[in-house]
Asks: 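Take a look at the following structure, please.
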Amino acid sequence: MDHALKAVEDFLPTASPSGLPSLVGLSRDEIATVIADLDEPAFRAKQLWHWIYCRGARDFDEMTNVSKVLRAKLTEAWTLDRPAEVTAQTSEDGTRKWLLRFGDLNEAECVFIPDRRRGTVCLSSQVGCTLTCKFCHTGTQRLVRNLTAGEIVGQLIVARDAFNQWPSPTTERDITNVVMMGMGEPLYNYDNVAAALRILMDPEGLGMSRRKITLSTAGVVPAMQRCGEELGVNLAVSLHAVTDELRDEIVPLNRKYPIKDLLAACREYPGVNNARRITFEYVMLKDVNDSPAEARELARLLKPVHAKINLIPFNPWPGSVYETSTPKAVARFADILFDKGITATVRNPRGQDIMAACGQLKSASEKQRASAGG
Ligand code: SAH
């Protein structure tokens with residue numbers, strides 16, 4: 001390993017200095033197994049669940065209704081550690097970003113975006129990404145690995161810790177919404193993302209409603225139906241182009257699942273109706289995809305889908321080749337969609353000064369080659 005890097009490694013915290021595994025991020029079934037393995041009665045699992053996900057306990061001694069004997073047994077074998085915070089930054093607009101480090105020293109970012117009436121946490125699903133979308137910073141980082149369910153849940157817990165909002169509030173919470181829009185393609189890590197969202201949605205724990213959770217995909221068509229049926233969360237689709245020719249180039253996943261197939265899957269997405277629409281994300285790239293003709297074609301394509309559109313002015317990053325569309329081009333594009341009866345909102349760039357905006361996330365983690373020997 002590079003010496004400079006090694007020196008940094010030495011003073012940054014690891015996820016679990018004790019080397020013991022953490023209970024944070026385990027499902028109800030997994031906690032039940034832990035309890036059974038410790039020869040404890042089943043009702044203890046429910047208590048543990050409550051302490052971890054409703055109360056946000058960080059120390060087994062907080063668990064006052066749990067016997068001292070069990071607390072001692074848990075302390076010997078488990079922790080309540082969260083992913084370690086390597087850095088925590090706050091933008092001038094109030095957006096916050098955390099770089100988190102997991103037990104194997106891999107790292108991913110997670111973001112909190114406050115708005116007037118809501119606060120959204122943006123979670124990562126993978127370290128790196130396989131998709132190589134041309135305009136996306138994460139796309140320049142090769143996939144290192146999928147995040148586990150616990151590591152995905154751990155990101156939300158870190159954000160809740162930052163607001164000190166335990167027990168899980170039912171009203172007046174800072175974190176009202178969750179978007180799976182951080183690093184990675186959530187539908188290429190479906191099982192872990194699904195397990196994480198089930199933990200997040202449990203009303204006796206973190207209590208995030210499925211209506212307040214949005215999963216964004218670049219269009220992994222075969223997993224979309226299942227996502228809607230099993231999780232029932234809102235769907236966002238990163239469309240970004242109206243022809244296969246351009247989309248093949250800027251979202252290479254399109255070569256596998258072209259626009260026609262993607263839109264067919266959107267039309268069939270379970271639970272979608274007029275009141276509950278699919279969000280189509282469309283990054284505005286100057287002179288690449290922002291012409292009036294493309295706005296008209298977008299409206300035509302999305303007419304048969306219950307759709308709303310989120311226009312995202314391109315967020316630059318070091319080495320990116322694109323430019324942001326002019327405000328005039330964005331406004332003209334939005335007006336055309338509006339005239340055609342399609343709801344379009346322009347996403348305000350948030351947290352750009354700390355590289356926390358859409359498509360700017362990246363971590364330094366690299367896949368170790370099998371032969372590199374650590
Ligand atoms: N892989 C999933 C989840 C990532 S969501 C997906 O593609 O949907 C992140 C969103 O930000 C996606 O819509 C992505 O296309 C968009 N994005 C990526 N890079 C961007 C950039 N530089 N500026 C604006 N939006 C970007």
Side-chain angles (χ1 to χ4, degrees), residues 95 97 108-111 113 120-143 146-147 152 155 177-190 192-193 196-197 213-221 223-224 227 233-241 246-247 249-254 256-257 259 262 265-266 269 278-286 288-290 307-325 330 333 345-352 354-363:
T95 299
K97 182 173 87 166
E109 296 189 312
C110 132
V111 177
I113 309 122
T120 304
V121 169
C122 177
L123 304 178
S124 291
S125 56
Q126 298 180 313
V127 178
C129 190
T130 55
L131 298 180
T132 64
C133 300
K134 284 267 161 50
F135 46 81
C136 178
H137 198 200
T138 313
T140 65
Q141 179 182 6
R142 286 178 55 195
L143 179 74
N146 284 332
L147 291 176
I152 296 167
Q155 297 170 54
N177 293 59
V178 168
V179 293
M180 293 299 310
M181 293 190 186
M183 297 166 58
E185 169 49 53
L187 294 187
Y188 273 155
N189 184 18
Y190 181 82
N192 289 323
V193 167
L197 293 182
I213 299 178
T214 302
L215 182 148
S216 181
T217 179
V220 183
V221 167
M224 285 168 58
C227 171
V233 295
N234 303 312
L235 188 71
V237 171
S238 297
L239 190 61
H240 306 317
L246 178 62
R247 197 162 188 270
E249 186 194 324
I250 64 176
V251 183
L253 183 65
N254 194 66
K256 220 166 172 180
Y257 309 114
I259 293 176
L262 176 55
C266 290
Y269 189 72
I278 294 180
T279 303
F280 287 86
E281 293 154 292
Y282 195 94
V283 63
M284 300 293 294
L285 305 169
K286 186 177 178 191
V288 173
N289 67 355
D290 63 352
K308 58 183 175 192
I309 300 179
N310 224 315
L311 300 174
I312 317 177
F314 170 67
N315 295 306
W317 37 270
S320 58
V321 293
Y322 296 106
E323 284 177 66
T324 310
S325 301
V330 176
F333 203 94
T345 48
V346 179
R347 195 179 289 174
N348 229 339
R350 298 294 304 271
Q352 271 188 339
I354 56 167
M355 289 284 287
C358 301
Q360 292 186 315
L361 304 186
K362 182 169 178 172
S363 74

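Remember, it's 1-based here, ligands and their atoms both numbered in the order they're listed.
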Asks: For Asn315 and Cys358, indicate whether the former's side chain and the latter's backbone hold a donor-acceptor pair under 3.5 Å.
Replies: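 Yes; at least one donor-acceptor contact below 3.5 Å.
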Asks: Before signing off on this row, confirm whether Phe135 and ligand 1 have an N or O atom pair separated by under 3.5 Å.
Replies: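 Between Phe135 and ligand 1 (N or O atoms, distance only) the closest approach is under 3.5 Å.
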Asks: Taking atom 14 (C) of ligand 1 as the point of reference, which of Gln352, Met181, His240, Arg347 owns the nearest heavy atom?
Replies: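 The residue whose heavy atom sits nearest atom 14 (C) of ligand 1 is His240.
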Asks: For Ala218, counting its heavy atoms only, list the atoms of ligand 1 lying under 4.0 Å from any of them.
Replies: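 Selected atoms, number and element: 6 (C), 7 (O), 8 (O).
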Asks: Indicate, as side chain, backbone, both or neither, the part of Asn315 found under 4.0 angstrom from ligand 1 when only non-hydrogen atoms are considered.
Replies: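 Within the 4.0 Å criterion, Asn315 contacts ligand 1 through backbone and side-chain atoms alike.
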Asks: Strictly distance-based, threshold 3.5 Å: is any side-chain N or O of Ser124 a donor or acceptor partner for the main-chain N or O of Met183?
Replies: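 Between the backbone of Met183 and the side chain of Ser124 there is a qualifying donor-acceptor contact (under 3.5 Å).
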Asks: Pick one: which of Glu281, Met180, Glu185 meets side-chain contact (heavy atoms from CB on, under 4.5 Å) with Thr217?
Replies: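 The single option meeting the side-chain contact (heavy atoms from CB on, under 4.5 Å) with Thr217 is Glu185.
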Asks: Which ligand 1 atoms does Ile312 reach within 4.0 Å, using its non-hydrogen atoms?
Replies: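 Result: 24 (C), 25 (N).
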Asks: Using 30° and 60° as the class limits, which term best fits the ring planes of His137 and Trp317: parallel, tilted or perpendicular?
Replies: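 His137 and Trp317: parallel rings.
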Asks: If you count the atoms of ligand 1 from 1 in the order shown, which ones are under 4.0 Å from a heavy atom of Gly182?
Replies: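 By the 4.0 Å cutoff, the relevant atoms are 4 (C).
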Asks: Search all heavy atoms of Ala218 against all heavy atoms of Leu131 and return the closest pair with its distance.
Replies: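 Looks like CB-CD1, 3.6 Å.
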Asks: Which of these, Gln126, Glu185, Met183, has its nearest heavy atom closest to atom 2 (C) of ligand 1?
Replies: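 Answer by nearest heavy atom: Glu185.
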Asks: Determine whether the side chain, the backbone, both or neither of Thr217 has a heavy atom under 4.0 Å from any heavy atom of ligand 1.
Replies: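 The backbone, only.
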Asks: Please name the pair of heavy atoms, one in Ile354 and one in Thr95, separated by the smallest distance, quoted to 0.1 Å.
Replies: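 So the minimum-distance heavy-atom pair works out to CD1-O, 3.7 Å.
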Asks: Looking only at protein heavy atoms, which one is nearest to atom 19 (N) of ligand 1, and how far off is it?
Replies: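 Answer for atom 19 (N) of ligand 1: Gly359 CA, 3.0 Å.
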Asks: Pick, from Ser238, Ser216, Gly139, Ala357, the option with the minimum heavy-atom distance to atom 13 (O) of ligand 1.
Replies: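 The nearest heavy atom belongs to Ser238.
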Asks: Classify the contact between Tyr322 and ligand 1 as side chain, backbone, both or neither, using a heavy-atom distance cut-off of under 4.0 Å.
Replies: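 Neither; nothing of Tyr322 gets under 4.0 Å from ligand 1.
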Asks: Which of these, Val193, Leu123, Asn234, sits in a side-chain contact (heavy atoms from CB on, under 4.5 Å) with Leu215?
Replies: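 Exactly one option meets the side-chain contact (heavy atoms from CB on, under 4.5 Å) with Leu215, and it is Val193.
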Asks: Any nitrogen or oxygen of Gly184 lying under 3.5 Å from a nitrogen or oxygen in ligand 1? Just yes or no.
Replies: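 Yes - when backbone and side-chain N and O of Gly184 are compared with those of ligand 1, one distance drops under 3.5 Å.
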Asks: Would you say the side-chain atoms of Lys97 pair up with the backbone N or O of Glu109, donor to acceptor, closer than 3.5 Å?
Replies: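 No: the side chain of Lys97 does not pair with the backbone of Glu109.
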Asks: Whether the side chain of Thr138 engages the backbone of Leu361 through a donor-acceptor N/O pair (distance < 3.5 Å, no angle test) should be reported.
Replies: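 Between the backbone of Leu361 and the side chain of Thr138 there is a qualifying donor-acceptor contact (under 3.5 Å).
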Asks: How far is atom 10 (C) of ligand 1 from its nearest protein heavy atom, and which residue and atom is that?
Replies: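 Looking at atom 10 (C) of ligand 1, the protein heavy atom closest to it is Glu281 OE2, 3.9 Å.
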Asks: Evaluate side-chain contact (heavy atoms from CB on, under 4.5 Å) for Asp290 paired with Leu285, printing each intermediate quantity in order.
Replies: CA-CA 6 Å; Asp290 63 352; Leu285 305 169; over 6 Å; no
Asks: If the cut-off is 4.0 Å to any non-hydrogen atom of Val283, which atoms of ligand 1 fall inside it?
Replies: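 This gives 23 (N), 24 (C), 25 (N) as the contact atoms.
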Asks: What protein heavy atom is closest to atom 21 (C) of ligand 1, reported as residue, atom name and distance in Å?
Replies: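 For this ligand atom, the closest protein heavy atom is Cys358 O, 3.3 Å.
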Asks: Provide the number and element of each atom of ligand 1 under 4.0 Å from a heavy atom of Trp317.
Replies: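 Atoms satisfying the 4.0 Å criterion: 22 (N).
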